[in-house]
Amino acid sequence: MGLVQWLKGQFLCHLIICYGFLVSGLLVNLLQICTLPLWPINKQLARRINCKLGYSLTSQSVALLEWWSGTEVTFYTDPADYQFYGKENAIIVLNHNFEIDFLCGWTFCDRFGVLGASKCLAKKELSYLPVIGWMWYFLEMVFIKRKWEEDKRSFVQSLQNLRDYPENFWFLLHCEGTRFTEEKHQISMEVAEKKGLPKLKHHLLPRTKGFWVAVQNLRGTVAAVYCCTLNFRNNETPTLLGVINGKKYHPDLYIRRIPLESVPEDEAECSSWLHKLYQEKDQFQEDYSHTGCFPGPVVTPLRGPWALINWIGWTCLLLYPLYLLLVQLVLSGSILTILATVAFCSAARALWIRLQMNVPREYRYSLVCHGLCIPTVC
């Protein structure tokens with residue numbers, strides 16, 4: 001293990017990462033609040049400003065994955081489809097098998113310049129949380145309560161609001177509704193058997209109603225569905241804690257562009273179409289488990305420097321007042337204050353170690369997500 005890799009695993013580095021993300025997030029929220037008077041005057045300008053502010057925060061997570069852990073997603077796609085990416089609105093259908101699949105999805109968005117304008121489904125409760133929740137509110141994310149009778153009207157209205165969005169956007173959907181686990185998979189396949197549907201090996205049954213409503217309300221605005229299938233080489237099991245500790249992973253992402261006019265308008269036919277799509281995705285995963293790669297050529301969109309520049313800029317800006325505070329603390333000569341600071345840092349470090357060592361994995365995922373203010377969107 002080299003010196004750099006050793007440093008990446010140290011608590012002080014993790015503390016700086018979390019501090020920078022949280023404080024920059026609060027500052028971004030403050031700037032977004034300042035755009036409120038602009039909305040009735042020039043709505044489209046306010047939207048564009050919020051896209052840039054959203055990118056300033058979300059791209060820090062991309063920088064963490066790509067530059068800190070060294071993880072770089074390998075993209076498999078048809079070159080004929082590649083020319084459309086980033087130049088049109090699209091619905092992104094992602095599988096939900098890994099802790100960091102949302103990070104890989106954000107990387108995909110960043111490579112094609114739509115990260116700041118990307119949308120997703122999120123729990124309504126998240127809109128009340130500072131940092132990510134408030135940022136998403138200003139970015140016009142689609143918030144739901146998971147109660148369809150209550151959600152339908154707000155869901156449709158949120159989608160209709162995107163019809164005049166001034167930036168190219170991608171709407172990211174986890175149609176399975178929740179992250180894959182063996183227990184959930186068993187229950188899902190029991191449902192498939194009762195409904196007479198083919199069983200899936202690597203996915204849960206997709207929830208079709210939300211997909212159909214999204215497609216119907218975004219017709220004429222969205223040009224295509226991008227079917228994305230993610231896997232990791234060598235049976236890697238990536239974790240958020242691994243990324244924070246600087247561990248490098250090797251994700252492969254297979255992307256297929258399907259023109260939206262190919263998706264049926266009738267709800268029953270659209271449901272059958274989505275089930276068939278997931279059967280195809282399942283076969284791609286099965287083939288990957290045998291061959292170690294997806295079909296189609298590998299494409300390598302350039303990794304732009306802006307995520308890294310933004311991250312370094314925020315870190316330097318926010319560490320300076322922290323440095324001044326530390327100098328003032330040392331020069332104050334107050335033994336009690338110094339001891340209290342050391343005790344606080346020691347307690348925080350002990351809690352972080354306990355989180356990594358003793359907390360069950362499913363709870364670690366949720367705790368780390370919320371600790372970094374990266375909410376789980378299921």
Going by heavy atoms in the side chains, are [X] and [Y] under 4.5 Å from each other?
X: Leu103; Y: Ser61; value: yes
X: Cys270; Y: Val263; value: yes
X: Asp78; Y: Arg257; value: no
X: Val28; Y: Tyr55; value: no
X: Ile132; Y: Phe21; value: yes
X: Tyr278; Y: Glu176; value: yes
X: Asn168; Y: Glu88; value: no
X: Phe284; Y: Pro295; value: yes

Is it true that [Y] and [X] share a donor-acceptor pair across their side chains at a distance under 3.5 Å?
X: Asp110; Y: Ser59; value: no
X: Tyr254; Y: Lys281; value: no
X: Ser69; Y: Lys248; value: no
X: Arg256; Y: Thr229; value: no

Keeping [X] on the side-chain end and [Y] on the backbone end, is there a donor-acceptor pair under 3.5 Å?
X: Thr239; Y: Gly242; result: yes
X: Gln285; Y: Leu230; result: yes
X: Arg163; Y: Asn217; result: yes
X: Ser262; Y: Ile258; result: no

Practice task
With ring pair (Phe, Tyr, Trp, His ring centres under 6.0 Å) as the test, would you mind laying out the steps for Trp134 and Phe138 before giving the verdict?
Solution key: CA-CA 7 Å; Trp134 291 358; Phe138 282 97; 8.7 Å; no
Assigning hydrophobic clusters by single linkage (Ile, Leu, Val, Met, Phe, Trp, Tyr; side-chain heavy-atom cutoff under 4.5 Å), is [X] placed with [Y]?
X: Leu12; Y: Val23; value: yes
X: Leu38; Y: Leu53; value: yes
X: Trp106; Y: Ile309; value: yes

Handout entry: Selection residues 286-305 - residue pairs positive for side chain to side chain donor-acceptor pair (under 3.5 Å), sequence neighbours left out
Key =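 Of all non-adjacent pairs touching residues 286-305, those that pass side chain to side chain donor-acceptor pair (under 3.5 Å) are Lys201-Glu286, His202-Glu286, Asp252-Tyr288, Gln283-Asp287, Glu286-His290.
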If you count every heavy atom of other residues, nucleotides or ligands that lies below 6.0 Å from [X] atom [atom1], does the total exceed 12?
X: Asp266; atom1: CG; answer: yes
X: Lys184; atom1: NZ; answer: yes
X: Glu183; atom1: CD; answer: no
X: Tyr165; atom1: OH; answer: yes
X: Gln186; atom1: CD; answer: no

Determine, for [X] against [Y], whether the closest basic-nitrogen to carboxylate-oxygen distance falls under 4.0 angstrom.
X: Glu193; Y: Lys199; value: yes
X: Glu66; Y: Arg111; value: yes
X: Arg47; Y: Glu140; value: yes

Mind listing the side-chain donor-acceptor pairs of residues 205-214 below 3.5 Å, one per line with the distance, residues two or more places apart or on another chain?
residue	atom	partner	partner atom	Å
Thr208	OG1	Ser271	OG	3.4
Lys209	NZ	Glu267	OE2	3.2
Trp212	NE1	Glu265	O	2.8

Practice task
Decide if the gap between the ring center of His185 and the ring center of Phe180 is smaller than 6.0 angstrom.
Solution key: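 Close enough - the centres of the two rings lie under 6.0 Å apart.
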Exercise for the section: Return the minimal non-hydrogen interatomic distance between Phe169 and Asn89, and the atom names on each side. Expected result: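 Result for this residue pair: N-OD1, 2.9 Å.
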Handout entry: Closest non-hydrogen atom pair, Leu139 against Gly116
Key =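 Taking every non-hydrogen atom into account, CD2-O, 3.7 Å.
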Rounded to the nearest 0.5 Å, how far apart are [atom1] of [X] and [atom2] of [Y]?
X: Ile49; Y: Cys34; atom1: CD1; atom2: SG; answer: 10.5 Å
X: His96; Y: Thr181; atom1: NE2; atom2: OG1; answer: 11.0 Å
X: Leu115; Y: Trp306; atom1: CG; atom2: CH2; answer: 15.0 Å
X: Asn97; Y: Phe232; atom1: CG; atom2: CZ; answer: 10.0 Å
X: Leu57; Y: Leu27; atom1: CG; atom2: CG; answer: 10.5 Å
X: Asn235; Y: Arg233; atom1: CG; atom2: CZ; answer: 13.0 Å

Identify each donor-acceptor pair in which a side-chain atom of residues 312-320 lies under 3.5 Å from a protein atom, sequence neighbours left out, and give them as a table.
residue	atom	partner	partner atom	Å
Trp314	NE1	Ser56	OG	2.7
Trp314	NE1	Asn310	OD1	3.4
Thr315	OG1	Trp311	O	2.8

Completion exercise
Sorted by chain and residue number, the side chain to side chain donor-acceptor pair (under 3.5 Å) partners of Asn161 (sequence neighbours excluded) come out as Gln157
Exercise for the section: For Tyr82, check side chain to side chain contact (heavy atoms under 4.5 Å, CB included) against everything at least two apart and list the hits. Expected result: Thr77, Tyr85, Phe112, Val299, Pro301
Problem - All side chain to side chain contact (heavy atoms under 4.5 Å, CB included) counterparts of Cys228, not counting sequence neighbours - result: Ile92, Leu94, Phe108, Tyr226, Leu253, Ile255
Handout entry: Lys8 to Trp68 six-membered ring, cation-pi geometry met (6.0 Å, 45°)
Key =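 Verdict for Trp68: a cation-pi partner in Lys8.
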